[in-house]
Structures are given as C-alpha cells and as structure tokens.
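In what follows, a structure is listed as structure tokens, so that the remarks can point back to it.
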Protein chains: 2
Amino acid sequence: MEFDIANFNDALGKNCVIILACKCSIHYSGRAESFLSDGDRLIIIKSDKTLLVHQHVGSNPINYMKEGTGFSLVLEDGRLVLHCRNIPVKEYMDIIISKVHSFQQLQMEDSEKIRLVGSERDMSDMIYRQPELIEPGFRPLSREEHTKYGFIDVFGYDKRNNLVIVECKRYSADFKAVEQLQRYMTKIKQLKGVDNVRGIVAAPEISANALQMLKDFGLEYRSISPPKFLERFNRDQKKLGEY
Amino acid sequence: MEFDIANFNDALGKNCVIILACKCSIHYSGRAESFLSDGDRLIIIKSDKTLLVHQHVGSNPINYMKEGTGFSLVLEDGRLVLHCRNIPVKEYMDIIISKVHSFQQLQMEDSEKIRLVGSERDMSDMIYRQPELIEPGFRPLSREEHTKYGFIDVFGYDKRNNLVIVECKRYSADFKAVEQLQRYMTKIKQLKGVDNVRGIVAAPEISANALQMLKDFGLEYRSISPPKFLERFNRDQKKLGEY
DNA sequence: GGGGAGAGATGCCGC
DNA sequence: GCGGCATTTCTCCCC
C-alpha cells in the first residue's frame, strides 16, 4: 500500500472525509479511559473533524472523538501514530498504526437534512389536532411547551374543566414515563394551587409494572400509536418509486 | 468509476466490510419513517450485516440498519437501488444511488475487545474496596447486585447498623438519580419492614435541583469521582501536544 | 424476549 | 454554559 504521511496530513488540512483502513491499537483518555489492542479497524475522519473508529461488526464506533478534534500523524520511534487532541473538552486519543490497508480522501457535497416521521413530537401534534383521540370534549391548550411547570407534551382541559396533562411515549410506556407524569402532576398542583388535575399516559402499549404504578397514582392510560404517514411502504415495497 | 452490480452482490455474500461512497437518496420505514434527498454519503456494510449511512459531518449515522439485515443491489427503472430488509424487526430501507464515487471491500481481522476504565461499575468497586470514601465505619455488603430489593450499586450498614443504599453516578447527579435512589429506598423499607434506611448519592457533582430534591427526601450526597488509573497519560500529553 | 439501568451516550431546544 | 428530555437511542445483564 502506497502511503505517505505528508499526504495524509495534507488531507487533514482540506475540507474532506478521510477513510483509513488499518491494523491499529488505541488508547483513549477523557471522560473515561479505554484500551484496545491490535486489530483491523476502519478509521473515518469527517470534514468537521469528527473521528470514528469502527470494528468489522457492531453499529456503534468502538472509539470516537468529537467534532473539532485536532489530528496529527507522525512517525514516532519507528511507529506510525495518529495523535488526536480535543483540548476544550479534555479528550485525548493515540492510535498506533501497525499496518495501513487502504487510504482514501473524499470530497462530499451534501446539504440535505433528514425528515423524520413518527417521533414523540409528531404524536403530540396529532393529539393536539385530534383531541378526540384522548376523549370527547378534551380541549388542548398547548403542546410541547417548556413552561415553568415543566416540559409538558399536551396540556388542556376536559369537558368538566379539569386540567389534563398528557405524556406521550412513542414506544411501550414504562414506569419512568409514569414517574415523569407524576412529577408534572405534583409540580402543577403546587404551582396552580388546584387539585382537580388529571394525568394521562398516551402510548401504543404500557408495561405491567407501569400500569400498576399508574393505577396507584390515580393516573390514566390511552392506547395511542405515533402516526405513520406511509404505511403503504410496508405493505407494498414496489411502490417506493413514487417518491 | 468502474462499478459492477454483480461484483457488489458478490461482496455481500462474503464475510467482508463494504465501503461505498456515493450520491444517493434514502427512504427508511420501521420504528419510524425517514426521508433524505440526494447528497454524497458514505455507506458501510459490516460483516455482521449492519448498515451505516454517514454524511460528511456529525458523529452519528444519518440512517442505519441493524445487524442481520438482508441486502440486494438492483437496477430498477434505470436506477441503481440498494434494498435493505430486516424482516424480524420489520425495518426496511431503500437507497437510490445516482452516482458511485468509490467502492471498496475489506477483509478485517479483529478479535480484540475494548477495556474501559472509569465506569459507574468501577466507581462502585472503588467504594466497595474503600468504604471510608463514604464515611468512617461504613461496611458494604454487596455491590452491583440484582437483589430482590432492586439493582443497587452499593449496599451495606453504617456504624450504627442502619441500612445504607449508595447510588453512584459517574457524571453530575441529576434529579433522576435522586428519584432512582428514592425508589430503592421505598422498596427496601417495604420489603424489609424497617425504617432506619439511609440513602446516599455518590457523584463528582450534583445539580441544584437534584440537591434540593435530595434534601426534601432526607437523603445524602457525597462528592466522589470515578477512578482514573492513568492520569499520567493526560500529563504526558502536554509535551506531545506542543506540535 | 421483556425489564431495568448505564453510556466516553448524542442531539435538540430553551434559558 | 447547564438543564431537561427524546432517541429508529444502543448495549449489557438478568429474569
């Protein structure tokens, strides 16, 4: 493999993405400390100076450095070493490279942002627009608001003018979701000086423990799923070309 | 760029890592749904059939598929499409490739596992071995044990034979840590039928809100940091960092 | 497989 | 910067 240190450091100075496949060992020190012995890894340095080290399996990088890291590849005591320093966050990494398998630098043009559907935010939007999903006569006042009462998903009144707090979960609600709702309940009762406040967990399902805790606290549960606008995709993959 | 569909699908059948730099748009549907318009991306398919899609910035993949995904690259209506299907978890992705920048397949040998120091587990070990970090006369009985009382970091008796529950946090303790400890307290008092139980949060720091809640609950705080065995590494970096 | 909890969590938004 | 919270969280361990 033709590989030149000056060439690599030159690439670091450019606004490109570097892909280095190599055999290496790694030492990291920062928020914690880690050691990884010699093995083949994929090293990616992005244009924002994020570093990722990937093994041949697993979805998470085995080591990484955050955006804005400084890099320098040097020959040290006859060994190729990639020094990685992020001074502001006090994170340090040394990658000792014993063999370079391949080296690549890429210019990547991409200004697109992802659009995601089916988040908890989408769920609270849906409930806000279709209050009857909670119950007839529910009148939502606000959604996803950072009030002094806390970060409440949907907040409103029922037909008897009781305050209603709705906590949404896009997955199965667990006891932490119930605790979270209970915390809002306590807070808002104190701050508003009222007692007629109802709390509702809205989620596609709820665990047995969470349901028990919910009942103990006198709270309620509604089975509601996050919106999916394109169920069609799952049913008929062939129609994908329509986008 | 010389690029052959059969060659790519052949690589998929082998136990290697595939790196594809290309311009593409992406549609994902599974736990949620996402759309990403055309742009240059780095696509990695690992030997365990994990897929990662990276943009030129950011530490997280913009899209991904989990281990065990099935892949198939086909020419569809004159367009190159990478179909990704993970039937067991009901996740689907289509990557429409408008230009291939580079394609690489790598054999990677790596059986090493990372050793990490400074975790919460290390903290509880340290306290177990040096109980005086909590207070004189503290006698720990167990650490990190899944008892019927719950998952308690350190569990023991103080010099007056009160039960003591210690909850460790490697970072600043927040009110959720206090809630967690309070939950264990309630549980253990119920199950043991005793009332003389003390709860201690051990963390390098604690937020103002958490400290208030802690006091309200009658719990205690000890400022303890997770162990770092190689502070020397940080000191030695100074001379290396001079470049 | 579900539940519970940690993670070098990350990322977002608001104050 | 910190705080509070969601995440296609992921990962591990135990039941």
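Keep in mind the model is a prediction, meaning the values are calculated, not measured. Quick note on labels: first sequence line is chain A, next is B, and so on, each numbered from 1.
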Under 4.0 angstrom, heavy atoms only, what part of the nucleic acid is B:E205 near: base, sugar-phosphate, or nothing? nothing

For the side chain of A:Y64, starting at C-beta, report the closest nucleotide among C:dA9, C:dC13, C:dG6. C:dA9

Let's test your reading of the pairing rules: Watson-Crick or G-U wobble, both distances under 3.5 Å, then write DNA chain C as a dot-bracket string with ( ), [ ], | and dots. |||||||.|||||||

Can any side-chain N or O of B:Y221 pair as donor or acceptor with the backbone N or O of B:E205 at less than 3.5 Å? yes

First-last contacting nucleotides on DNA chain D - partner chain A, under 4.0 angstrom, heavy atom: D:dC5 to D:dT11

What's the CD1-P distance between B:I114 and C:dA7, to the nearest Å? 14 Å

For the pair made of NE2 in A:H27 and P in C:dG8, what is the distance, rounded to whole Å? 15 Å

What is the distance from CG of B:L116 to P of C:dA9, rounded to the nearest Å? 9 Å

When all nucleic acid strands are considered with a 4.0 Å heavy-atom cut-off, which category describes A:E91: base, sugar-phosphate, or nothing? base

Both B:E120 and B:N60 contact DNA chain C. Which one's nearest nucleotide lies toward the 5' end? B:E120

By nearest-heavy-atom nucleotide on DNA chain D, the more 5' of A:R121 and B:S172 is B:S172

Which part of the nucleic acid, if any, lies within reach of A:E67 when heavy atoms closer than 4.0 Å are counted: base, sugar-phosphate only, or nothing? nothing

Per nearest nucleotide of DNA chain D, the residue lying toward the 5' end, A:S119 or B:A210, is B:A210

Would you tell me whether B:E33 and B:H27 have side-chain atoms, one donor and one acceptor, within less than 3.5 Å of each other? yes

A:R31 side chain N/O closer than 4.0 Å to the phosphate oxygens (OP1, OP2) of C:dT10? yes

Does the side chain of B:Q180 get closer than 4.0 angstrom to OP1 or OP2 of C:dG4 through an N or O atom? no

Does NZ belonging to A:K189 count more than 12 external heavy atoms closer than 6.0 Å? yes

Pick the C1' atom in D:dC14 and in C:dG8, then give their distance to the nearest Å. 25 Å

Rounding to an integer number of Å, can you tell me how far B:Y184 OH sits from C:dG6 C1'? 10 Å

Please report, rounded to the nearest Å, how far the C1' atom of C:dG8 is from the CG atom of B:D122. 12 Å

Consider only side-chain N and O atoms of A:Q180 and A:K169, and report whether a donor and an acceptor are under 3.5 Å apart. yes

Closer than 4.0 Å, any side-chain N/O of A:K66 to the OP1 or OP2 of C:dG8? no

Quick one: which of C:dA7, C:dT10, C:dA5 gets closest to the side chain of A:F175? C:dA5

Using the C1' atom as the reference point in each nucleotide, state the distance between D:dT8 and C:dG14 in Å, no decimals. 25 Å

Please work out if A:S34 contacts a base, only the sugar-phosphate, or nothing of the nucleic acid, heavy-atom cut-off 4.0 Å. nothing

Evaluate whether the aromatic ring of B:F151 and the six-membered ring of the C:dA5 base sit under 5.5 Å apart, centre to centre, with an inclination under 30°. no

Salt bridge check: are B:E179 and A:R183 linked by an N-O gap of less than 4.0 Å? yes

Mind calculating the distance between OH (B:Y171) and P (C:dT10) to the nearest angstrom? 12 Å

Reading DNA chain C from 5' onward, which residue's closest nucleotide shows up sooner: A:M65 or A:H146? A:M65

If you measure only the distance, is there a donor-acceptor pair under 3.5 Å linking the side chains of B:S207 and B:D174? no

Does A:D174 get its side chain close enough to the base of C:dG3, under 3.5 Å, for a donor-acceptor pair? no

Does B:R198 pair with B:E220 as a salt bridge, N-O distance under 4.0 Å? yes

At their closest point, which heavy atom of A:L141 faces which heavy atom of A:Y128, and how far apart are they? O-OH, 3.7 Å

With no hydrogens and no angle check, do the side chains of B:S47 and A:H56 hold a donor and an acceptor under 3.5 Å apart? yes

Atom C1', compared across D:dA6 and C:dA7: separation rounded to whole Å: 15 Å

Separation of C:dA5 atom P from B:E179 atom CD, nearest Å, is 12 Å

Has B:R85 got its NZ or CZ under 6.0 Å from the middle of the six-membered ring of B:Y92, at an angle within 45 degrees of the ring axis? no

Using whole Å, what does the distance between atom P of nucleotide C:dG8 and atom CD of A:E33 come to? 13 Å

Evaluate the criterion salt bridge (Lys or Arg N to Asp or Glu O under 4.0 Å) for residue pair A:E67 and A:K49; output intermediate values, then yes/no. CA-CA 5 Å; A:E67 184 181 349; A:K49 306 310 173 193; over 6 Å; no

Look at B:R170 and C:dA9 and indicate whether a side-chain polar atom (N or O) is within less than 4.0 Å of OP1 or OP2. yes

